[in-house]
Peer 1: 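My questions will all concern the structure given below.
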Amino acid sequence: MQNEAMQNLLTRRAVRRYKSDPIPADVLDRVIEAGLYAPSGMGRQSAIILAVTDKAVRDELSRLNAGVMCGKDDPFYGAPVVLVVLASPALAGTYLEDGALVMGNLLNAAHAEGLGSCWIHRAKQVFETAEGKAILKKAGIEGEWVGIGNCILGYPAGDLPEAAPRREGRVFRL
């Protein structure tokens with residue numbers, strides 16, 4: 001029998017349809033805390049999280065993200081919360097890896113809390129724009145930050161998808 005942590009890792013799926021129900025603050029705080037506890041290169045903790053729960057800001061991020069990918073209606077699939085992970089190259093040469101580990105922790109913690117989640121790309125491009133930088137400034141985030149990813153969160157609207165079969169030949173042993 002697998003322990004609960006292994007079960008969560010093996011059953012998490014990307015969710016692309018969400019209810020509009022808000023996420024309770026204590027649940028969101030636990031997911032964010034898990035992200036902050038991700039490993040980082042030399043313990044430098046080069047990644048930060050911008051928690052977006054304000055609908056107007058969430059919709060602006062969606063619009064900017066859609067603009068990068070040529071107009072998809074809502075690349076956040078109706079999710080009410082976006083956790084943007086950014087990282088600083090000035091803090092660590094491993095900033096990309098550090099941010100990816102934060103994203104992984106967020107996704108897995110969301111599943112453990114009964115939430116759906118999905119990693120949405122294009123944070124890098126969005127936060128290179130003047131509009132993206134203005135959002136960071138409004139949040140009090142200054143300095144050189146690279147967008148790593150958007151972790152969208154919410155309650156799934158429907159069942160989780162089945163896992164795709166795992167591709168063979170991906171493990172090598174010596």
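Numbers here simply count residues along the sequence, with the first being 1. Computation of the quantities below employed the complete heavy-atom set of this structure, encompassing side-chain atoms and omitting hydrogens, waters and symmetry-equivalent molecules.
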Peer 1: Treat each ILVMFWY residue as a node, draw an edge where side-chain heavy atoms are under 4.5 Å apart, and state whether Leu115 and Trp119 are in one component.
Peer 2: yes
Peer 1: So, Thr129 side chain and Gly132 main chain: donor-acceptor pair closer than 3.5 Å or not?
Peer 2: yes
Peer 1: Would you mind reporting whether Val81 and Phe76 have side-chain heavy atoms less than 4.5 Å apart?
Peer 2: no
Peer 1: Checking Glu131 against Arg63 for the side chain to side chain contact (heavy atoms under 4.5 Å, CB included) test, could you report, in this order, the C-alpha distance in whole Å, the side-chain angles of both residues, the deciding distance, and whether it holds?
Peer 2: CA-CA 11 Å; Glu131 293 166 296; Arg63 184 188 68 75; 2.7 Å; yes
Peer 1: Can you tell me if CG on Asp159 sees more than 12 non-hydrogen neighbours from other groups inside 6.0 Å?
Peer 2: no
Peer 1: So do the side chains of Thr11 and Leu160 get within less than 4.5 Å of each other, counting heavy atoms only?
Peer 2: no
Peer 1: Sort and list the pairs that fulfil side chain to side chain donor-acceptor pair (under 3.5 Å) and have at least one residue in residues 164-174, not counting sequence neighbours.
Peer 2: none
Peer 1: For atom CZ of Arg17, decide whether the heavy atoms of other residues, nucleotides or ligands shown that lie under 6.0 angstrom number more than 12.
Peer 2: no
Peer 1: So do Arg12 and Leu107 actually touch side chain to side chain, heavy atoms under 4.5 Å?
Peer 2: yes
Peer 1: A side-chain contact here means heavy atoms from C-beta on lying under 4.5 Å apart; do Pro80 and Pro22 qualify?
Peer 2: no
Peer 1: With a 4.5 Å cut-off on side-chain heavy atoms, are Leu83 and Val31 touching?
Peer 2: yes
Peer 1: Hey, which of Ile23, Val27, Val52, Val15 is the one that makes side-chain contact (heavy atoms from CB on, under 4.5 Å) with Leu153?
Peer 2: Ile23
Peer 1: Which residues pass the side chain to side chain donor-acceptor pair (under 3.5 Å) test with Ser40, sequence neighbours left out?
Peer 2: none
Peer 1: Report yes if the side chains of Asp29 and Glu33 come closer than 4.5 Å at any heavy-atom pair, otherwise no.
Peer 2: no
Peer 1: Is the side chain of Asn150 donor-acceptor paired with the backbone N or O of Ile152 at a distance under 3.5 Å, no angle test?
Peer 2: no
Peer 1: So, the side chain of Asn108 versus the backbone of Leu9: is there a donor-acceptor pair under 3.5 Å, distance only?
Peer 2: no
Peer 1: Does a donor on one side chain and an acceptor on the other come within less than 3.5 Å for His111 and Ser117?
Peer 2: no
